[in-house]
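Shown next, in structure tokens, is the structure this report addresses.
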Amino acid sequence: VKGASSYLFQYTADATLAEGSWISIPATTAFYTFKGLTRGTTYYVRAIAVGGNQQVTYSAVVNRVSQ
């Protein structure tokens, strides 16, 4: 995202997408590879771009089965 100063990558296995269920990984790049996930589990993933003034933009949530 243009102007983003950092990113948060979040994932959860909770299909309800409850706010307290998200696990956050901070990053300084727009790409992240999730590691240590359980094979065969469906995970829901989103990215958050954080701007210089702490404004945030959320991506759409996507789901994938861990391979």
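Computed from a predicted structure; not experimentally measured. For reference, positions follow the sequence shown, starting with 1. Any value given below was found using the heavy atoms of this structure, including those in side chains, with hydrogens, waters and symmetry copies removed.
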(request) Heavy atoms only: give me the nearest Ile48-Tyr58 pair and the separation to one decimal. (result) CD1-CE2, 3.3 Å
(request) Flag yes if Ile23 and Tyr43 sit in one hydrophobic cluster, no otherwise; membership is Ile, Leu, Val, Met, Phe, Trp, Tyr, and two members link when side-chain heavy atoms are under 4.5 Å apart. (result) yes
(message) How close do Ser24 and Gln10 get, counting heavy atoms only, and between which atoms?
(response) OG-NE2, 2.8 Å
(request) Decide yes or no on side chain to side chain contact (heavy atoms under 4.5 Å, CB included) for Tyr7 and Thr57, but give the supporting numbers first. (result) CA-CA 10 Å; Tyr7 296 87; Thr57 301; over 6 Å; no
(message) Ring centroids only, cut at 6.0 angstrom: are Tyr32 and Phe34 within range, meaning strictly under it?
(response) yes
(message) To the nearest 0.5 Å, what is the distance between OG1 on Thr41 and CD on Gln67?
(response) 11.0 Å
(message) Do Thr16 and Asp14 pair up side chain to side chain, a donor and an acceptor below 3.5 Å, judged on atom types alone?
(response) yes
(request) Kindly determine whether Lys35 and Leu37 satisfy side chain to side chain contact (heavy atoms under 4.5 Å, CB included), including the steps that lead there. (result) CA-CA 6 Å; Lys35 298 176 184 172; Leu37 302 178; over 6 Å; no
(request) Using atom types as modelled and distance alone, determine if a side-chain donor or acceptor of Ser5 lies under 3.5 Å from a backbone N or O of Val50. (result) yes
(request) Apply side chain to side chain contact (heavy atoms under 4.5 Å, CB included) to Val61 and Leu17, showing your working. (result) CA-CA 9 Å; Val61 174; Leu17 307 180; 4.3 Å; yes
(message) Test side chain to side chain contact (heavy atoms under 4.5 Å, CB included) on Trp22 and Arg46; report intermediate values, then the result.
(response) CA-CA 9 Å; Trp22 293 94; Arg46 67 185 178 190; 3.4 Å; yes
(message) For a quick test of reading the model, state the closest non-hydrogen atom pair linking Ser66 to Thr38 and the distance between them.
(response) CB-O, 3.3 Å
(message) Let me check something: do Leu8 and Val62 share a hydrophobic cluster, defined by ILVMFWY side-chain heavy atoms less than 4.5 Å apart, either directly or through other members?
(response) no
(request) Measure the OG-OH distance between Ser21 and Tyr11 for me, rounded to the nearest 0.5 Å. (result) 11.0 Å
